[in-house]
Amino acid sequence: MVSCWSIRILGGGIVIQPTFIAGKALAEGKLIRILQGYEPKPVCLYMMYANRQYLVPKVACFIEFVSQYYSTPPSWDQV
């Protein structure tokens, strides 16, 4: 059985995939980027929490971790 992903790698069409899925094939030249001006907008991440004055240390630590983790491009997008 051939998957839809395999068909696209073999030249069977156009696909929109996140770079963590398509990154390896892009790097190997099996896929090429087209319509770069029409890429989807990045997704934003919002965190809501109660007043900072009563913030539990675990929650503050988690907020700091997430802020740092998502502040840089993921490893698969770095050249």
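It should be emphasised that the depicted structure is a prediction, and the values quoted were computed from it without experimental measurement. Just so you know, residue 1 is the first one in the sequence shown, and it goes up from there. Keep in mind that the numbers below use all heavy atoms, side chains included, and drop hydrogens, waters and symmetry copies.
- Other members of the cluster containing V59 are L45, M47, Y49, L55, V56, F62, I63, F65, V66, Y69, Y70, with ILVMFWY side chains joined at under 4.5 Å, either directly or via other members.
- Residues forming a side chain to side chain donor-acceptor pair (under 3.5 Å) with Q68 (at least two apart in sequence, or on another chain): E64.
- Judged as a side-chain contact (heavy atoms from CB on, under 4.5 Å), and not counting sequence neighbours, the contacts of I34 are I14, I32.
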If you look only at distance, which donor and acceptor atoms sit under 3.5 Å apart when one is on a side chain in residues 18-29 and the other is two or more places apart or in another chain?
from: T19; atom 1: OG1; to: W76; atom 2: NE1; distance (Å): 3.0
from: T19; atom 1: OG1; to: D77; atom 2: OD1; distance (Å): 2.5
from: T19; atom 1: OG1; to: D77; atom 2: OD2; distance (Å): 3.2
from: E28; atom 1: OE1; to: K30; atom 2: NZ; distance (Å): 3.2

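- With side-chain heavy atoms closer than 4.5 Å counting as contact, directly or through intermediates, M48 stands alone and belongs to no larger hydrophobic cluster.
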